[in-house]
Amino acid sequence: MAEFEGGIGKPCYEVKLLSDDGKLTHHRVDANSGQVTKSDDHPIESYFTSLKPSNLRDVDLSLRQAAVIAAKTGDKVAEAQIEREDDGVQYKITVVTNGEGHEVKVGADGRIIPSR
């Protein structure tokens, strides 16, 4: 998951990476320089109570690819995350269009999931 934090202070990206062994690493990246300013390891359960590394093994679509697909619906991607939905995985992407954010869900097959 990657999220832009542009509030008070220095703008940065909050990036959470899940390794194959289930370790979740949280990085803080300076938005201006691209330098990692902080890294912490966390138990995956603290962020994703229903998503397990085994859910991702058979998914060919990466979070980055899902973000590119969702970005076609707006100006830019502000936030992207992966979550378990029913028996599968889907991506929840926040896309900004004309200064307004809206959520786009992309299935593991790369198709945009219509809003309900």
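Residue numbers start at 1 and run along the sequence shown. Predicted model, so just to flag it, every value in this text is computed and none were measured.
When the side-chain contact (heavy atoms from CB on, under 4.5 Å) test is applied to Asp60, no partner is found at least two apart in sequence or on another chain. Residues passing the salt bridge (Lys or Arg N to Asp or Glu O under 4.0 Å) test with Arg28 are Glu14, sequence neighbours excluded. Applying the side-chain contact (heavy atoms from CB on, under 4.5 Å) rule to Val36 yields the partners His27, Val29, Ser39; only residues at least two apart in sequence or on another chain are considered. For Asp109, the salt bridge (Lys or Arg N to Asp or Glu O under 4.0 Å) partners two or more places apart in sequence, or in a different chain, are Arg111. Lys76 is linked by a salt bridge (Lys or Arg N to Asp or Glu O under 4.0 Å) to nothing, counting only residues two or more places apart in sequence or in another chain. Residues passing the side-chain contact (heavy atoms from CB on, under 4.5 Å) test with Ile112, sequence neighbours excluded: Ile69, Thr73, Val104, Val106. Looking at residues two or more places apart in sequence or on another chain, you find no side-chain hydrogen bond (donor to acceptor under 3.5 Å, both in side chains) involving Thr37. Remark: Ala31 engages Phe4, Pro11, Tyr13 in a side-chain contact (heavy atoms from CB on, under 4.5 Å) (not counting sequence neighbours).
Using a 4.5 Å cut-off between side-chain heavy atoms of Ile, Leu, Val, Met, Phe, Trp and Tyr, with links allowed through other members, Leu63 and Val59 fall into the same hydrophobic cluster.
Separating the CG atom in Asp41 from the CG atom in Leu24 is a distance of 8.0 Å, to the nearest 0.5 Å. Lys10 contributes atom NZ, which lies 6.0 Å from atom CG of Asp30 (distance to the nearest 0.5 angstrom).
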For residues 89-103, tabulate all N or O donor-acceptor pairs below 3.5 Å that involve a side-chain atom, not counting sequence neighbours.
residue: Gln90; atom: NE2; partner: Glu83; partner atom: OE2; Å: 3.2
residue: Tyr91; atom: OH; partner: Leu61; partner atom: O; Å: 2.2
residue: His102; atom: ND1; partner: Val95; partner atom: O; Å: 3.2

